[in-house]
Amino acid sequence: MVSEIEHAAELIGHAQYMIALTGAGISRESNVPTFRGEDGLWRRYDPMELATPEAFFRDPDLVWEWYAWRQGLIARCRPNPAHLVLADWERRGLLRYVVTQNVDGLHMRAGSRNVLEVHGNIWRVRCVSCEYRSTLDEPVGSTPRCPVCGALLRPDVVWFGESLDMDVMARVYRELEKSDLCLVIGTSGVVQPAASFPLVAKQHGGRLIEINVEKTPLTHVMDVHIEEQAGKALPAIDAVLSGS
Ligand code: BV8
Ligand code: ZN
């Protein structure tokens, strides 16, 4: 019986245009907390209370306290083998793009270049009033103000109830249409519209490989489901691909 790892390696070896769709699970082995799960962020904080425009305008200091805390956490984290394999596969021409829901920036730190961050990036800030944008290199100390107009700066992430950047979405759909294989890694598949990206790829005839430590609402549409940590499964697939 061909193992799921070998089946995945076989599909990857024959793919013409492979992309990866990643969620918080790919950063779990870097010690970035996921949203759900026993030690997830959403166990301690209600995202509807913090990751919404209403929450921010009601209490910007509280929301910034939460993001500064997460920035501090993420600053101490490093890419794990899962991020590193994807970056290596991009260099080798095996992987064309990473479409990530993650805001931690770990794919770029691992060396991936073709990355679409559909929910923004926790290290970027933007002014709520003018066009000012900037990238932080350390966690904010207190609620930051715009140096141009003095208004509040907000995290440049997509909150619940906010639509995703139209240009990013256009690029995501182009990648989904071009792909003939999608790796769906470490996502619970519940937040829309990202949760529907694998279905769009499948509609265009693409095959789907899911890597997750548990089954998800997307598992039933997958061609291959590998129930393993991403930091172990991706190196194992790479070993089969490299014939080692
Ligand atoms: C929008 C950035 C509308 C901020 C995030 C009712 C029904 C359906 C939809 C809705 C609804 N009510 C509201 C909505 C829409 C809403 C939504 O989907 N809500 C959900 C909760 C029901 N969506 C939105 O609001 C989106 N916008 O719809 O706009 C609109 C349209 C037009 C015009 C105006 C408005 C915006 C959503 C973006 C929210 N921002 N993040 C921040 O980070 O602070 S969401 C955030 O949570 C992440 O970015 C990510 O997308 C999501 C978490 O999902 P995952 O990444 O999957 O992580 P999770 O912890 O859930 O799961 C981890 C997985 O990894 C698990 O499966 C686990 O088993 C696995 N795992 C763990 N360890 C490992 C592992 N796998 C492998 N290896 C391991 N080691
Ligand atoms: Zn401003």
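- A donor-acceptor distance shorter than 3.5 angstrom exists from the side chain of Glu29 to the backbone of Gly231, with no hydrogens or angles considered.
- Not a single donor-acceptor pair under 3.5 Å links the side chain of Asn212 to the backbone N or O of Lys215.
- The closest donor-acceptor contact from the side chain of Ser242 to the backbone of Asp238 lies under 3.5 Å.
- The closest donor-acceptor contact from the side chain of Glu6 to the backbone of Val240 lies at 3.5 Å or more, if one exists at all.
- Put simply, OG on Ser134 and CG on Asp156 are 10.5 Å apart, with the number rounded to the nearest 0.5 Å.
- Put simply, the side chain of Ser30 gets close to the backbone of Asn80: a donor and an acceptor are under 3.5 Å apart.
- In Arg58, the CZ atom is crowded: over 12 heavy atoms of neighbouring residues, nucleotides or ligands sit closer than 6.0 Å.
- Using cut-offs of 30° and 60° for the angle between ring planes, the Phe56 and Trp159 rings count as tilted.
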Item to complete: I would like to know whether Arg92 and Asp88 meet salt bridge (Lys or Arg N to Asp or Glu O under 4.0 Å); could you show each step before the answer?
Response: CA-CA 6 Å; Arg92 286 157 55 189; Asp88 186 39; 2.9 Å; yes
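- In this structure, a donor-acceptor pair under 3.5 Å is present between the side chains of Gln192 and Ser196.
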Discussion item. Checking Arg96 against Glu175 for the salt bridge (Lys or Arg N to Asp or Glu O under 4.0 Å) test, could you report, in this order, the C-alpha distance in whole Å, the side-chain angles of both residues, the deciding distance, and whether it holds?
Written reply: CA-CA 9 Å; Arg96 308 291 184 126; Glu175 291 308 313; over 6 Å; no
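- Atom NE2 in His225 sits 8.5 Å away from atom CD in Glu214 (nearest 0.5 Å).
- Side-chain N or O atoms of Asn102 include one that pairs as donor or acceptor with a backbone N or O of Ala24 at under 3.5 Å.
- The pair Lys202-Glu177 does not count as a salt bridge, with every side-chain nitrogen at least 4.0 angstrom from each carboxylate oxygen.
- The two residues Leu95 and Leu86 make their nearest non-hydrogen contact at CD2-O, 3.5 Å.
- At distances below 3.5 Å, at least one donor-acceptor pair connects side-chain atoms of Asp223 with backbone N or O atoms of Leu208.
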Worksheet item: Glu138 and Arg76: salt bridge (Lys or Arg N to Asp or Glu O under 4.0 Å), yes or no, with the steps?
Response: CA-CA 11 Å; Glu138 60 181 10; Arg76 292 191 296 276; over 6 Å; no
Item to complete: Using the salt bridge (Lys or Arg N to Asp or Glu O under 4.0 Å) rule, take Asp180 and Arg207 through it: C-alpha gap first, then chi angles, then the decisive distance, then the call.
Response: CA-CA 6 Å; Asp180 61 348; Arg207 308 290 288 276; over 6 Å; no
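- Here the CD1 atom belonging to Ile185 is positioned 4.5 Å from the CD1 atom belonging to Ile211, to the nearest 0.5 angstrom.
- Remark: Arg91 is not positioned above the aromatic ring of Trp89, lacking an NZ or CZ atom under 6.0 angstrom from the ring centre and at most 45 degrees off the axis.
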Worksheet entry | Derivation and outcome, side chain to side chain donor-acceptor pair (under 3.5 Å), residues Glu117 and His119 | CA-CA 6 Å; Glu117 295 176 306; His119 292 159; over 6 Å; no
